[in-house]
Amino acid sequence: MGELSQMIRRRLDDAYESLRHAHADGDTYLADIRQEEIKELRRIAANHDIGVEPPRCD
């Protein structure tokens, strides 16, 4: 796995975790920011043919 792939996956994991916490805390502003960050990271991954898994819902 390339360095870009690892970085995107790591940042997505962090963004999804932060999004879960934002939702749990009722922080809609942070949740909106994280959703945009996730959208952008997924766009970058798609542009570089990097497959990313959907988040786990546990």
Side-chain angles (χ1 to χ4, degrees):
M1 184 181 325
E3 189 174 327
L4 179 61
S5 298
Q6 290 176 347
M7 187 268 308
I8 288 174
R9 288 186 175 113
R10 186 173 33 249
R11 288 196 49 200
L12 277 169
D13 288 344
D14 292 344
Y16 280 120
E17 180 70 17
S18 180
L19 178 61
R20 283 190 288 276
H21 287 287
H23 281 298
D25 294 342
D27 188 341
T28 57
Y29 179 72
L30 181 57
D32 289 345
I33 290 171
R34 291 301 173 241
Q35 287 173 332
E36 288 301 315
E37 180 182 10
I38 290 165
K39 181 176 159 185
E40 182 66 10
L41 288 167
R42 292 181 69 82
R43 183 193 65 77
I44 292 168
N47 286 345
H48 292 278
D49 295 321
I50 298 169
V52 290
E53 303 269 330
R56 292 187 335 247
C57 296
D58 53 0

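Keep in mind that this is a model prediction, so the values were computed, not measured.
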Quiz prompt | Close side-chain approach of His48 and Ile8, heavy atoms under 4.5 Å | solution =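 Contact flag for His48/Ile8 side chains = no.
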Quiz item: Do Glu3 and Met7 pass the side-chain contact (heavy atoms from CB on, under 4.5 Å) test, and can you show the C-alpha distance, the side-chain angles, and the key distance before you say yes or no?
Solution: CA-CA 6 Å; Glu3 189 174 327; Met7 187 268 308; 5.6 Å; no
Using distance only, find each side-chain donor-acceptor pair of residues 30-42 under 3.5 Å and give its atom names and separation, not counting sequence neighbours.
from, atom 1, to, atom 2, distance (Å)
Arg34, NE, Ser18, OG, 2.9
Arg34, NH1, Glu37, OE1, 3.1
Glu40, OE1, Arg43, NE, 3.2
Glu40, OE2, Arg43, NE, 3.4
Glu40, OE2, Arg43, NH2, 2.5

Quiz item: CG of Asp27 to CG of Leu19: how many Å apart, nearest 0.5 Å?
Solution: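 Reported value, rounded in 0.5 Å steps: 10.5 Å.
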Quiz item: Quick one: CD1 on Ile44 to CG on Leu4, what's the gap to the nearest 0.5 Å?
Solution: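 Between Ile44 CD1 and Leu4 CG, I get 8.0 Å after rounding to 0.5 Å.
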